[in-house]
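Report on the structure given below.
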Amino acid sequence: MATSNGTDDGTPPSESALIFLGTGCSSMVPNVLCLINPSDPPCSVCAQSLSIPPEKNPNYRCNTSMLIDYCGSGSNHNYILIDVGKTFRETVLRWFVHHRIPKIDSIILTHEHADAVLGLDDVRAVQPFSPTNDIDPTPIYLSQHSMDSIEEKFPYLVQKQRKEGQEIRRVAQMAWNIITDDCNQPFFASGLKFTPLPVMHGEDYICLGFLFGEKSRVAYISDVSRIPASTEYVISKSGAGQLDLLILDSLYRTGSHNVHLCFPQTLEIVKRLCPKQTLLIGMTHEFDHHKDNEFLKEWSRREGIPVQLSHDGLRVPINL
């Protein structure tokens, strides 16, 4: 899979790209318990984190998040962020600098769990500085359920106007836009069309994936235990059309989980949807990037569907 970091003269590349800011689970990798209470023998994946710099270690995984570097008409770049979790600031320091990302133009939220929204306060760090908050707000697209939760978690980010006598405090400026959990109601963020893909994140909770891209069809599904038939139709080769790229949840290497897909179920869904290419995200420390990608090379050859584990910092050029 082709990757690139930009051009030699420091200017942004002329094509669109997907940049994986984080590819780990909510508790991230390394797993803290593996470091403060190591097993005998120690966890090989987590032990690497103490000896290999994170930028050189594909087994170092922050909260799942992706940036779409969308190069539209006139070679203008718009930067669309999917999810702003607990590790947002760390991923900005590591990967915005590395890939020369100068700003965020809009944000899309899959759901309101901690690993998707607890970095919202830090968005102000990538907004223009104004001690009086006199800046254009960043558009955020989210479901009504997520909006209701964020109003409780971050009331100061949602507040429409100050109360009498209330001091001005510099906080991130957001423009909140409600989207529906309906495949038939697409929306636009920074010029790019998105179709919501409602999926089950446990049988009591709807999370949103997203389909985007006209020239290349990409589906991003980060937190899922089951894909309803109506959503599956939209993204399957036997339904509305084959995906060029599927980005899909895979929590544990073996077994199953009540609110996430794990490796065996993930691969079964890949076979059912039959995309042209798949990248996996949301992995725990059970996955060893190098060993499991070797396994996936053989699986891909056998099944005829290229599948690999993604990693933090991966940049995938793509024609959207």
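We number each residue from 1, following the sequence as shown.
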Give every donor-acceptor pair under 3.5 Å between a side-chain atom in residues 192-201 and any protein atom, sequence neighbours left out.
from, atom 1, to, atom 2, distance (Å)
His201, ND1, Val259, O, 2.7

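Counting only heavy atoms from C-beta outward, the side chains of Ile101 and Val126 never approach each other to under 4.5 Å.
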Under the side chain to side chain contact (heavy atoms under 4.5 Å, CB included) criterion, do His289 and Arg61 qualify, and how do the steps go? CA-CA 10 Å; His289 183 84; Arg61 305 181 181 112; 4.2 Å; yes
Val270 and Leu246: side chain to side chain contact (heavy atoms under 4.5 Å, CB included), yes or no, with the steps? CA-CA 8 Å; Val270 169; Leu246 171 64; 4.2 Å; yes
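Panel note: side chain Asp69, backbone Tyr79; no donor-acceptor pair is recorded below 3.5 Å. Under the 3.5 Å distance criterion, the side-chain polar atoms of Asn63 are matched with a main-chain donor or acceptor of Cys25.
In terms of heavy atoms, Asn293 sits closest to Gln308 at O-NE2, 3.2 Å. The two residues Ile135 and Gln127 come nearest to each other via the heavy atoms CD1-OE1, 3.6 Å. Taking each heavy atom of Glu286 and Thr254 in turn, the nearest pair found is OE1-N, 3.6 Å. Of all heavy-atom pairs spanning Ser44 and Gln48, the tightest one is O-CG, 3.2 Å.
Enclosure of atom CD in Glu298 by more than 12 non-hydrogen atoms of other residues, nucleotides or ligands within 6.0 angstrom is indicated.
A ring-centre distance under 6.0 Å is found for Tyr205 and His145. A centroid separation of less than 6.0 Å is found between the aromatic rings of Phe287 and Phe263.
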